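Source: prediction; values computed, not measured. Lettering follows sequence order; numbering is per chain, from 1.
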Amino acid sequence: MTGDRSRKPTAIGAVMVVGGGVGGMQAALDLANSGFKVYLVEEGTAIGGRMAQLDKTFPTNDCSMCIISPRLVETARHLNIDLMCDTEVRTIDGEAGNFTVTLRHKPRYIDVAKCTGCGECAQVCPVVIPGHFDQGMSMQRAAYKLYPQAVPNAYAIEKKGIAPCRNACPSGQRAQGYIALIREGRYEDALRVIKEDNPFPGICGRICNHRCEEACNRRLLDQAVDIRALKRFVTDKVYESPRQPVTPVEQTQEKRVAIIGAGPCGLTAARDLVRLGYPVTVFESLPVAGGMLRVGVPEYRLPAEIIEREVADIVDLGVDLRLNSPVKNLDDLFDQGFDAVLIAVGAHEGIVLPIPGTDLKGVYVNTIFLRDVRMGWAPKLGSRVIVIGAGDVAMDCARTAVRMGKEVAIHYRRTRNEATADALEIEHAEEEGVVFNYLSNPVEILGDDRDRVTGVRFVRMELGEPDETGRLSPQPIAGSEHVVECDSVIFSVGQRAGLGFIPESVGVGLTRQRTVAVNPNTYAATRPGVFAAGDVTSGTAFVIEAVDAGHKAASSMHRYLQGKEMEPALKEPLPIVRFTKEEIAGRLARNEAKLAPRVRMGTLTQHERVRSFEEVNLGFTDEQAREEAARCLACGVCSECLSCFYKCGVGAIDHDMTERTEEVQVGSVILAPGYDVYDAIASEEYGLGRYPNVVNALQFERILSASGPTMGHVERPSDHRPPRKIAFLQCVGSRDHNHPYCSGVCCMYATKEAIIAREHDRAIEPTIFFIDMRAYGKGFDAYFERARHEHGVRFRRSMVSRVAEDPQTRDLLISYVDDEGAVVEEAFDLVVLSVGMTPSATSSSLARRINVDLDPYGFVRTGAFAPLQTSRPGIYACGVFQGPKDIPETVAQASGAAAAASMALSDARGTRVAAKEYPPQKQVDGEAPRIGVFICRCGSNIGGIVDVPGLAGYAASLGDVVYTDENLYTCSQDTQEKIKKAVEEHGLNRVVVASCSPRTHEPLFQETIREAGLNPYLFEMANIRDQCSWVHMSEKEAATHKARDLVRMAVANARLTHPLHRMNKPVTKRGLIIGGGLSGMSAALGLADQGFEVCLAEREAELGGMLRHVYTTLDGTDVQTYLQEQIKRVSAHERIRVVLNASVQSFSGYVGNFRTELSLGPERQTMEVEHGVAIVATGGEELKPREYLYGEDPRVVTQLELERMLHADGGSATAFREVVMIQCVGSRTEERPYCSRVCCAEAVKNALAIKEKLPEARVVILYRDMRMYGLLEMEYARARKAGILFVRYDEERKPEVSLRDGMLDVTLFSPVFGEDLSFHPDLVVLSAAVVPAETGSLAMALKVPRTTDGFFLEAHMKLRPVDFATDGIYLAGMAHAPKMINECLSQAAAAVARACTVLSRDEIQVGGVVSVVDQEKCAACLSCVRVCPYNVPVVNVEGAAEIEPAKCQGCGLCASECPAKAITLQHFTDDQIVAKSGALFLG
Amino acid sequence: MKVSYYPGCSLHGTAREYDESTRAVAHALGVDLEELPDWNCCGASSAHATDEDLAKGLAGRNLAIAGKQGMDLVVPCAACYSRLKAAEVVPVNAAAGGRDNSPRVISLLDFLASPDLLDAMASLVKRPLNKLKVVSYYGCLLVRPPRTTGALHHEFPETMDRLMVLIGALPFPWSYKTDCCGGSLVLSRKDIVLDLTAKLLKEAAKAGAEAIVVACPLCQSNLDTRQEELARAGAPCHIPVLYFTEMIGLAFSLKDAARWLKRHFVDPTELLASRGLLAR
């Protein structure tokens, strides 16, 4: 806590970090650990970023998940990190120190606070989509957790919006949902989903006009999914079994409802109202229910038994259905005491055209005709029948007449294009022999003397202008009248409602079209309490519309009867998911969709059809249905089928969640949005997506991963065979026209993947096709050499232009240039595309919204000397967003960004953070153990396998167990309260939870018992899920047995646990920085600006280090001016004390309390410094070469010497007309097997400077690999464009420099040209290696390790790049490895951030799980001293080992090695281990 | 719908079946193809390799005529298409008719695969092609170079494959869709042409194709007529090479289909008859 507490800080002591990958987490943790409140915003459902997807990391081959997982948990559980997943930053207002960030929280549809991560929602979710985490290599559900270790440990539902099929359906059928359930074979569930919105699945499955299919996105691909047929299939399957009785609904409402008409509308409303508890009476005039469905649709399209079954399902809910009960007068119903009436009588009156002759015998009207046939009252038709009209009802009439054995002709006044009947219906009618006469209109019906029909006089028509319906209106052709002979005529030109029971006196208004007038939103008629819906208000429409109207009328009547607002505000709807052609093409390219026309349903033969009223369409078979269902594109992803909702045991599912916005005040913002892998689908020449055995590198990473789609077995996707030959193609989506940068990591990850693949399977022969091998990082070149020489990875320098596939073997054919320059074709079993990095898809729009500048490729713009600062003050960036880079550089930048972001806020440090208050701890030592055991079912994850009640009973029988409980989810919030209460009520002093993994859940339960007043070390856990029920899923009894063993062991251990207490030690708020070069000065300023005292010790007599010899950066920025400013600032800073000519004599103490003795000047005065942290920044220097005539001829110089010539000594270099530069002088050799990283860029920089001064000068760079990594690649391109020649040489045949006649002669063999080249330059420039400063004695004093190359070795090459294993000591700059200026600056800032996590605290806590020495038993054998990886144990003056608890990491190595058993690791004592193993064998 | 139609010399000569099947399919779809009046050579055979101005002028004149017609110009031959498309992209000189109201040049394949016509086509399929296994072959000029054709998927076009699925055939996604058949070297370097066609025919057979579907008269004749010669040279192959319009015509059950198919060197009758698509 620094700064003047009395002054109110102007800045806000909180920081927002955008992006939850490894960078974002690092920044958040560093900030939160140094006194700032952090909002960690992540767009996805979980943090972890790309690193979580990786299998191993180079160059140490560590398991990626193993090293990142503890970070995930630490981040999520940090008291001062507010983790906000599913969230995006919309805008940032205000300025540095005081920003207002507007956030958008997207709905997750699962309440993270309630979700226990049990996964049952995913188990029942029917929607299958390509898995996000496995890059489409495996499938996932719409309800999902990103990956098993995901944090937060909660599921999410992916919902893109409303599928167009559902949107198009008047009653909102969740077609996508039931189709998915059909694909899964879950027919009962599918029927449940249909019935959520529609009580007539069997009916609509046959006769619906399926607007869903018109809207189907699949039409963009081939043909719509046959949704109607699938719906019918569900009912066919379910209705095969006898109908189950329906449980009537209890009547809870007083008010009574009458419904007139038992058609689809009336019955739907009846069902809804009965379910709401109303007494409902339905009046039907016919002797059957079902309305037009029952009497209007012929049996061959809709069998009566289907209707009867579905009607019965409604009536049996408790509807009072009165058949043969026409309502004569509306008023009667109110007189009978009904409170509301719904008129749903449909449109049963057929319309007859107003032409002469309609009263003749043999003239019929459609509705009456069909009703009479259906009811068995069929009229005797003559042998020749004419049907007038071409709607669906006309087809019904015609095909019914065909089945009665008649010759049938249809006459229609328009053409087939305008006919309103379903196309398939017309086709079927044609097949059955119905003759179609288009453009034919009746004028008169002719009869004989006995008034029997003899024929119809028609007139020919032609189509004119469009009418009000948009259809072309037919006009009669003069003189075309003619007579067609027939015996019967059926009019089918429309239907309307029969409204005779509504006299004007009842006060219900009608429209001019003779429909009931209603408010279209509420279906309320003009008389209060009267509602009308269905065909009676709309005119003839389709069943599904009647259903919709029934629902709406019912809910409106409910509101009316409850006295509520009749027209409430609508909820904001989800977007409709309409695909574009590009999206469809993308799916096709990714093989996520395949071209497949719809499955054709079988039909009766024509012959069979015309002889009976048997159903024509036969429905799908199981196979057909699943095949058709698999065609669904799952447009909305989640279909709201509600399977998860019904399954979830803690009520965490909420499909009605909506987006919400929030404003947050912060002082700074750090952007760490990460990257996307290049979508190589766009590089069609490589066939990703098309050829199953071509994968991208991240997919291959998943294949290698033990938690991946193949469980870590290396298989090729096409046939799951182990591949033998694997080709890696480098630079896919990097170094091309669209991505002119190098992605910086692919050479190494491909090498790593090749090595790991070989480790999995020695038979694998990997080949890496590359342009330049860019192994420029620390330890990378050695890794590359090991890959070549020890692991048998073949490296082939050749750019591959395309991949072809052998269609039979699915092998992949690659053509490349071999050593002799010939083109050869080789077959591979698997091809891995080393895809590059592109800035994440959303980061560019984010940058636009918050006014942060980007470069043309989407990377954020930062400055040469401020690599973490964006164009907007107060907003910082780190990671790949700032340019392609690997994990350690990202982590270093993240820490650096944390330092930069908090510097301006140092006044406000500690103002926004919370500290948790706990009740005092109960004294339990000396008490007998009273153990409580809590057993978790984890939904059915444990409960479905292990006999949990039996296990609880067993636990209760164990000694000292005084309480047991079983919970559905032990980790849920309410259970924590239960546990606390149990501790209180039963006086528990030990707690055991038998559930899942301590990795994720132990801290939660420890926290719970601490809140109950128990020391957290009195907690013990048994993992009966991950290690028991999950792995023994099919052996329930054995699993139960094992669960008992595990619980018994945990109880045995719990008996012996003791409270552990931690001690507080004060912190010396001063940093010692060793090395006064660029990194050291930068770190000094950083720490001092954060408010801490600094002692900066420089070995030489002046500050500046190697930077004193550098004049410009590649982009032309003046380095010397910057250096002078820095020196001035450091020297003048009130909190920095600079000591020159200083070296470290001795070093002692531990984090927070170090003591260093410095020796100053030639007189070797000593000076003592007390400090809390130390930063090592000892730097490096340029090698003095011993080859190529260096030192023998003045015309052979190093790059730094050339730089001085170019910029300092009056530009003498302009005299040179031909310059040859030689790369890798002293680097990548046996003596120094590392890459010096900076020399390629240094050479390009100087070469460009020469060209700038004298454009005609010839500059040749002789190189092995041009390692212009990351954004440097663009400078490499600039150099080539400027005419600088790049000539490659082989390591085995290095160039030779000699003197011939006083002239310099450079000769080399060019492997590209296959011949020797020679040059006669004025100047030879050697790109000499970077070597570390001499630091042997310093390393001894600090007891920190160095690499064999003499650079300091960090604690962990990936995640702790600036830490030493010893707490409180950090490193930065070239002391770590060669690096560029901006990289040194990032690392220096990182070291500052790490140091601040110590210095910002007033005291540090030590103790807990640490080793303690029984000095009596110690024999001073030094075993512990030798074995400790942290150099903690020392043998003290009494001759016994001593372990400083502040330094001990609790690993327990010393305890296990100590031969005298003098060392004990607390909380893991021998007694405990013995008791636990004893308990195992007792069982 | 009415469009201008540029048949080019092939469709009036060696590829009459392509012309006839195109016209029949268009008719069935209700499309009126109006042949460009007084059209001239597109310049594909030799002009574009000898005289740039002549090449542009020849194509430009056709475009100028089409411009006066005021309708999109549909081009069935891939070589003609490439020339006319290049002229559409590169401004032609004013003498040849200028650039004003220039028509849009569309390949017949893209035209027939436009969304409206696809819908219409789906409803006209009377006899789906019974999962006939085919490979679609686009050759080089139909989609490349992309800056001329504007093709988005020039490495792996799929338009023809989608048409094939629609009419009930089973296209295989093979790797050699856009490899060159050697059409432009037919007269000068027969040795190269034989190598290229042999490779294509071999790969098609390997992919299990029963027929190769093409949209270019040069590709068709090259792949169709070389098979006998290759067989004599000891590389026997027998794969009918069919125009995509012929396939559509078959699926529409158009009565002239048998007549078109008779003109091929490699007789497809046996194959199609075995699938019940054609009488023996």
Side-chain angles (χ1 to χ4, degrees), chain A residues 214 218-224 415-417 423-424 426-427 430-431 580-582 584-591 593-600 631 680-694 737 801-815 825 831, chain B residues 30 110 113-116 118-131 133-136 138 143-144 146-147 151-180 199-200 202-209 251:
Chain A
E214 309 301 314
R218 178 123 202 156
R219 280 165 53 109
L220 290 172
L221 184 62
D222 38 45
Q223 288 165 287
T415 72
R416 182 174 172 144
N417 288 340
L424 196 66
I426 295 179
E427 207 175 292
E430 283 173 338
E431 285 169 8
T580 60
K581 283 185 91 171
E582 287 68 39
I584 288 284
R587 286 205 180 201
L588 209 54
R590 262 180 281 277
N591 231 349
K594 284 198 178 71
L595 289 167
R598 58 160 60 182
V599 176
R600 283 200 164 203
R631 295 180 67 239
I681 292 285
S683 297
E684 288 180 327
E685 62 273 26
Y686 296 132
L688 181 70
R690 194 161 79 233
Y691 306 144
N693 295 327
V694 175
H737 289 295
S801 62
R802 80 136 170 213
V803 175
E805 188 195 50
D806 181 320
Q808 285 163 358
T809 59
R810 299 270 187 192
D811 288 347
L812 303 153
L813 307 168
I814 288 177
S815 300
E825 189 175 72
V831 169
Chain B
D110 285 338
S114 63
D116 288 349
L118 276 187
D119 272 357
M121 206 177 289
S123 67
L124 287 172
V125 172
K126 286 260 170 8
R127 192 165 54 190
L129 296 187
N130 212 355
K131 305 211 165 160
K133 287 188 214 130
V134 299
V135 288
S136 303
Y138 300 75
V143 286
R144 290 189 300 199
R147 65 177 175 276
L152 286 177
H153 302 286
H154 49 93
E155 295 280 359
F156 197 79
E158 286 189 304
T159 316
M160 207 182 325
D161 304 70
R162 292 173 73 164
L163 270 181
M164 289 302 116
V165 169
L166 186 73
I167 61 176
L170 208 63
F172 185 87
W174 71 325
S175 299
Y176 302 92
K177 283 179 176 184
T178 59
D179 277 31
C180 178
K199 165 121 183 165
L200 286 169
K202 189 186 91 192
E203 291 295 341
K206 211 164 157 190

>> Quick check on A:L813 against chain B: is it the side chain, the backbone, both or neither that has a heavy atom closer than 4.5 Å?
In response: side chain
>> So, taking the atom named CD in A:E684 and the one named CG in B:L152, what distance separates them when rounded to the nearest 0.5 Å?
In response: 9.0 Å
> Would one find more than 12 heavy atoms of other residues, nucleotides or ligands at under 6.0 Å from atom NZ of B:K133?
Replying inline: no
>> Given heavy-atom pairs under 4.5 angstrom as the criterion, report whether the side chain, backbone, both or neither of B:H153 touches chain A.
In response: both
>> Is A:A596 in contact with chain B via its backbone, its side chain, both, or neither, using a 4.5 Å heavy-atom distance?
In response: backbone
> Between A:E805 and B:S175, is there a donor-acceptor pair closer than 3.5 Å when you use the side chain of the first and the backbone of the second?
Replying inline: no
> For B:P115, is it the side chain, the backbone, both or neither that has a heavy atom under 4.5 Å from a heavy atom of chain A?
Replying inline: side chain
>> Any non-hydrogen side-chain atom of B:D179 less than 4.5 Å from a side-chain atom of A:R802?
In response: yes
>> Any non-hydrogen side-chain atom of A:L595 less than 4.5 Å from a side-chain atom of B:M164?
In response: no
>> Please find the pair of heavy atoms, one from A:R219 and one from B:D119, that lie closest to each other, and give the distance.
In response: NH2-OD2, 3.6 Å
> Are the side chains of A:P807 and B:E203 in touch, meaning some heavy atoms are under 4.5 Å apart?
Replying inline: yes
>> So which atom in B:K206 and which in A:Q808 form the shortest heavy-atom distance, rounded to 0.1 Å?
In response: O-NE2, 3.0 Å
> How far does CG of A:L221 sit from CG of B:L166, to the nearest 0.5 angstrom?
Replying inline: 10.5 Å
> In Å, rounded to the nearest 0.5 Å, how long is the span from CZ of A:R690 to CD of B:E158?
Replying inline: 7.5 Å
>> For a quick test of reading the model, state the closest non-hydrogen atom pair linking A:L220 to B:R162 and the distance between them.
In response: O-NH2, 2.5 Å
